[in-house]
Structures are given as C-alpha cells and as structure tokens.
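Working notes, structure below.
Every chain is numbered from 1 and lettered A, B, ... according to where its sequence line falls, protein lines coming before strand lines. Just so you know, these numbers come straight off a predicted model, no measurement behind them.
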Number of protein chains: 2
Amino acid sequence: MSLAGLFDVDSAATGQQVRAEPIQRRSAERLSTLLDAAAEAVDAVGFDRITTAMIAERAGASIGTVYRYYPDRVAVLQALHERTVLRFRQRVVEEFEASPPASWWDVVDCAVTAFVGLYRSEPGFRIMQFADRERANAAEGVNVESGFFATRLAIVLADRFGLPDEPQLIFRVEIAVEMANSLLCRAFLNDPLGDDRFIDECRRVVHDYLASFYGAAVAVPVAPPIAV
Amino acid sequence: MSLAGLFDVDSAATGQQVRAEPIQRRSAERLSTLLDAAAEAVDAVGFDRITTAMIAERAGASIGTVYRYYPDRVAVLQALHERTVLRFRQRVVEEFEASPPASWWDVVDCAVTAFVGLYRSEPGFRIMQFADRERANAAEGVNVESGFFATRLAIVLADRFGLPDEPQLIFRVEIAVEMANSLLCRAFLNDPLGDDRFIDECRRVVHDYLASFYGAAVAVPVAPPIAV
DNA sequence: TCGTCACTGAACGGAACTCGATCATATCCA
DNA sequence: TGGATATGATCGAGTTCCGTTCAGTGACGA
C-alpha cells in the first residue's frame, strides 16, 4: 500500500457546505476562484473583517454567485478550510515522494516541513488553526479534523514503520498532531516566516513524545532516503 | 515573595477596552452583569453568533448601555476574555493555597487543575482559547497572552523551585503553556466534562517536557504539601 | 434643587442574504 | 449543421438583520 494511497487525497468526505454541486466546467472554476479570493481576503484583513462583498469583488463575481454556492459567509470559510487541509495532505504526500521517509520520525519531519512550507507560500493558510476550534460549534457530531488526520497518519505509521496497531496509537498520534499544530501556529503568530525556535522545538517535542512510546528501535526503513 | 504576589492578580495591565470608567457603584455592577451575560451567550450560541442585542437582553439592559461601556462588539468579548484570564490566574493561586506545591511539577498540576475546574464551572470559559489566536490581528505589537502568563509562571518556577533563571526558561514554559492549552481545549471539544484521557496525557506531556530539562532533582520543596 | 452620571430605544448605516430577470451552455431534433 | 429549447450560471437591486449612534429621560449625589 503506497503512502499516497493511504493519504488518499480524493476520498475527502467533504462536508455539506456546498449548496449546488457544479455541473458545467465554468462553475467548478468559479468555486475555486471564490476560495482563492477568500484566501486572499483572509491574509488581507483577517477572518472577522471578511465581507461577502469583498470575496465576490476579488473573485470578479457578484454577490449572488457567492450565495449560489455557499449558504452563508461562514460556509465559505469552512470550505476554504477544507481545501486548505486537503492541500496540506497533498503536500505531505509530495514531501514523502521528494524524500521518502526511512523511519517514523521522518514522517513527522515531512509533516512539519509541509505545514511550514504551506504557511509560507499558500495564501490564507492561517485558516488552518481557526476552524479546528470553530468547527465544534457548527457540527457537534462530526469528528474533529485533527482526529481524522491523526487516524490516517497512524495507519501510515503502523503499516509502513511497524508501530503497533493498537487503539492507543491513534490517540497518541492525535496528541502529537494537536501539540504540533499549536506550536506551529504559535511560530507564525508574530513572524510571517515562522519563528524557527518554535518550529525546531515542535519537531523535537513531537519526536520525543512518540519516541517515549515507540523508541528509535522500532523503525523499519523500507527504502533508503534520497538526498535532495 | 509569595506565590500570590508573583501572580499579582491586581496588576492586570488592562487593555483600553472600557469606554467609561464606572463612577457610581451601580455601573460597576452593570459592567460585570454585561460580562456575565456575554459569557452565558458564548455558551449558548458560540462566539460568532453573539449579537449585542442578545447581550443587552440577557443583562436586562438596553443596547445603548452596552455601548456606554464598550466601544464595539469585539471589545465586549475581549473584556470577557481578560476577566476569564484573570479568574484563571486567581484560581491557580487558590490551588496553590489549597495544596501548596512542593515541587515544580506540583505547580504544573495546580495550573492544569485550575484550568479544568474553571472549564467545568465558569460560564463562557471556552473563550480562553479563541482570543489567544484572535488577538494577533487586533493588536500587532502586543505580546501574546500565553507569553505573558508563561513569563509569570517562569518567575515562580525560578524563584521558588530553583529552576535556572535563564531566558530559555521562559521560552520552555511558553512551549509548555501552548501545548497544555491546546490539549486541554481538545479535551473539552466534544466532552463538556473534559475527556480525562486528554487531561491526564496533558499533565504527563508537560511534566515530561519540563523534566527533560530540569529533571526531578532540581525540585526544592519549600513547605510540606497539605493534604486536602 | 441642580448637575452629573446612567439609561433608553428609535433611527441610521452597512453588511448578510434573497430572488426574479438575464445570459451562457448543453441537448435535441429537423 | 443550425436553430429551438431547457437548464445551468450570473447578476444586482432590494430586503432584512445587526452593529452602532445620539438626543431625550430617569436616577443619584451634593
């Protein structure tokens, strides 16, 4: 089973946030243009100050078009959040392909590198943290995003690197994901390039936490790492 | 120097959020009533869906009264956040007095216990996490809240338990605070009583992180702990 | 009794959101 | 192939809701 397959970027169980599924090609483009506009707006004025008019204008569309696709203002931001999470997962896979992980801590490094890279290059990536918390209000029953990502990550770690496939593994990976997420967001809070002290400490903390259970000995290199 | 003194609950350098300082007694009551109402509203409908009318109504006041004390809607939430942070610090001090910490990890335990206790009993305590992130937009220059708390905590740890008073200490305590905050918020995300697995793991993680630098050996018990 | 503090709620402005009219594209049939 | 028709997609003026103001009224202290 390939790493890319495990992360299975297509099977994103998307929420019901889209009002009308796009039929014609142009509407698919519209959808992504709207999200691009929202992402720009996030960087320009921050979450709260975004207006639907602002999104429409930046996307070269009218207000009505926004509401054709999304039921309300918040739904646009949720959709942006989902797309951002998706792109993060894609980037993690790309990192895997660029420098195949030889051990479980390389996986952690890839994920951190992907996160940092996107924070620096992807417009509106700041939205990664806000919705994690915000979601709880909206959809009570829905599982937490970080839990979903953590579960998939745990599968990779178990399948490819021999970490024991217990329920505990998922829990621990979720702890690691939560910690990493908060420390990385902190790293970018006042520094647009990310404060390296926090980024480095994030790598160390997550590594040490998982190593306290799974040590370095469990690592099962599958392929030699490629120097990049 | 006493623990309470270090946490020095009075010297909260309050932001400029209040429009008119209360002169008569009744207006001081109004202020706290308004914040109580806002806190209830946070629990009832969540941050975004709070309206000024809702706050006024719950407080038994008119719209105009809200705006007499706060310049805008966001300011009310910021004030609630500050009061919540203050109460958290007070509760930490109470925990100290209830069971005087004998070592630095008792301090960590007290802080976690205080956080969990307030999350369970204090209306609107959920606001603790949101503003941490949100603040960054509003006041660019202002230091992060967690940084402020971490700094004071670091002073206690250095002063009372002999942890080395280096700049590194503050940084590490801030890392610890960020991790604890995220894990505890996660604990309450789907469980109003707090998921004990996350709470317990939070204690363990923070302890292990700090112990990796300062070990158990550095602990300097000042007074025997009181059984409660 | 007077002056100041506190409170009220109708009115204003702006942003979220709706909906019927209009344009663009796909499908069908001669 | 071209034109008719249906349906997807877009538009934007209009409606509603909400944040905010302010002039008028009530309450308290001197």
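Across all strands shown, I50(B) has heavy atoms under 4.0 Å from sugar-phosphate atoms exclusively, and none from any base. Within 4.0 Å (heavy atoms only), T65(B) reaches at least one base atom of the nucleic acid. Nucleic acid contact for T52(B): base, since at least one base atom lies under 4.0 Å from a heavy atom of the residue.
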Would you be so kind as to tabulate the donor-acceptor pairs closer than 3.5 Å made by side chains of residues 28-35 of chain A, with sequence neighbours excluded?
from	atom 1	to	atom 2	distance (Å)
S32(A)	OG	E29(A)	O	3.4
T33(A)	OG1	E29(A)	O	2.7

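The T51(A) side chain lies nearest to dA16(C) when the options are dC7(C), dA16(C), dT8(C).
Neither side chain, T84(A) nor R126(A), offers a donor N or O lying under 3.5 Å from an acceptor on the other. In summary, the side chains of R68(A) and S62(A) do not present any donor paired with an acceptor at a separation below 3.5 Å, with no hydrogens or angles considered.
Taking atom CZ on R68(A) and atom C1' on dA16(C), their separation rounds to 19 Å, with Å as the unit. F47(B) places its CZ atom 19 Å from the P atom of dC18(D), with the value rounded to the nearest Å. The nearest whole Å value for the distance from the OH atom in Y70(A) to the P atom in dT10(D) is 12 Å. Here the C1' atom of nucleotide dA10(C) and the CD1 atom of I63(B) are 12 Å apart, to the nearest Å. The separation between D48(A) atom CG and dG14(C) atom P is 20 Å, rounded to whole Å. What separates CZ of R49(B) from C1' of dA16(C) is a distance of 12 Å, to the nearest Å. Distance Y67(B) OH to dC18(D) C1': 8 Å, rounded to the nearest Å. The distance between atom CZ of R73(B) and atom C1' of dA15(C), rounded to the nearest whole Å, is 13 Å.
In terms of phosphate contacts, R30(A) brings no side-chain nitrogen or oxygen within less than 4.0 Å of OP1 or OP2 of dA24(C).
Axis angle, first five pairs versus last five pairs of the helix from dT1(C)-dA30(D) to dA30(C)-dT1(D): 10°, rounded to 10°.
Comparing G64(A) and A53(A) against DNA chain C, the residue whose closest nucleotide sits nearer the 5' end is A53(A).
Taking the six-membered ring where tryptophan is involved, the planes of Y119(A) and F188(A) are essentially parallel, since the angle between them stays under 30° and well short of 60°.
When the options L169(B), V107(B), I170(B) are evaluated for a side-chain contact (heavy atoms from CB on, under 4.5 Å) with L153(B), the one that passes is V107(B).
In this structure, R186(A) pairs ionically with E174(B), as a charged nitrogen and a carboxylate oxygen lie closer than 4.0 Å. Ion pairing between a basic and an acidic side chain is recognised when a charged N comes within 4.0 Å of a carboxylate O; D196(B) and R203(B) show no such pairing.
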